[in-house]
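Worksheet: one structure, shown below.
Fair warning: this is a prediction, and the values are worked out from it, not measured in the lab. Along the sequence shown, the residues carry numbers beginning at 1.
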Amino acid sequence: MHAVYQWFPKKKGATPAALLSTGGLFAPAVTGFLVGSAATTTLGFTHAFLLTALLPVVVGALSTVLVNQQRDRARLGLVD
């Protein structure tokens, strides 16, 4: 995200929202692909719901491991 903030220095609040909202563009296509490519419609929806449930868990676990709040606060000059 730091690189993206450098591209849009005056819109730091809008940048993450714009990037994160792109998921709404791709989710219907991915769900349609999963439902259409499965052996049965029920199995396709099952896979789509599992992906919808597991993706935030995986991203949350990675964030927990990779985000270092003290380092980021120091980089942004927010150290008390």
Side-chain angles (χ1 to χ4, degrees):
M1 278 288 192
H2 184 66
V4 177
Y5 287 146
Q6 291 176 347
W7 298 337
F8 305 104
K10 295 186 180 197
K11 298 189 179 203
K12 288 186 178 182
T15 304
L19 290 175
L20 294 174
S21 65
T22 58
L25 296 173
F26 298 111
V30 172
T31 301
F33 173 77
L34 289 173
V35 172
S37 65
T40 65
T41 305
T42 304
L43 187 60
F45 278 111
T46 301
H47 289 158
F49 283 125
L50 285 174
L51 178 66
T52 303
L54 291 176
L55 193 61
V57 171
V58 170
V59 170
L62 286 173
S63 297
T64 301
V65 172
L66 298 176
V67 172
N68 183 336
Q69 290 182 2
Q70 287 79 19
R71 179 196 64 212
D72 295 339
R73 286 177 58 83
R75 185 183 316 157
L76 294 171
L78 300 173
V79 178
D80 295 329

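- Within the structure, salt bridge (Lys or Arg N to Asp or Glu O under 4.0 Å) contacts touching residues 53-65 (residues at least two apart or in different chains) do not occur.
- Each of Gln70, Arg75, Gln69 was scored for a side chain to side chain contact (heavy atoms under 4.5 Å, CB included) with Asp72, with one residue passing: Arg75.
- Interatomic distance, Arg71 CZ to Leu76 CG, rounded to the nearest 0.5 Å: 10.5 Å.
- Considering every non-hydrogen atom in both Leu43 and Ala38, the closest pair reads C-CB, 4.1 Å.
- Just one residue in the list Val35, Thr52, Leu55, Leu51 forms a side chain to side chain contact (heavy atoms under 4.5 Å, CB included) with Val30, and that residue is Leu51.
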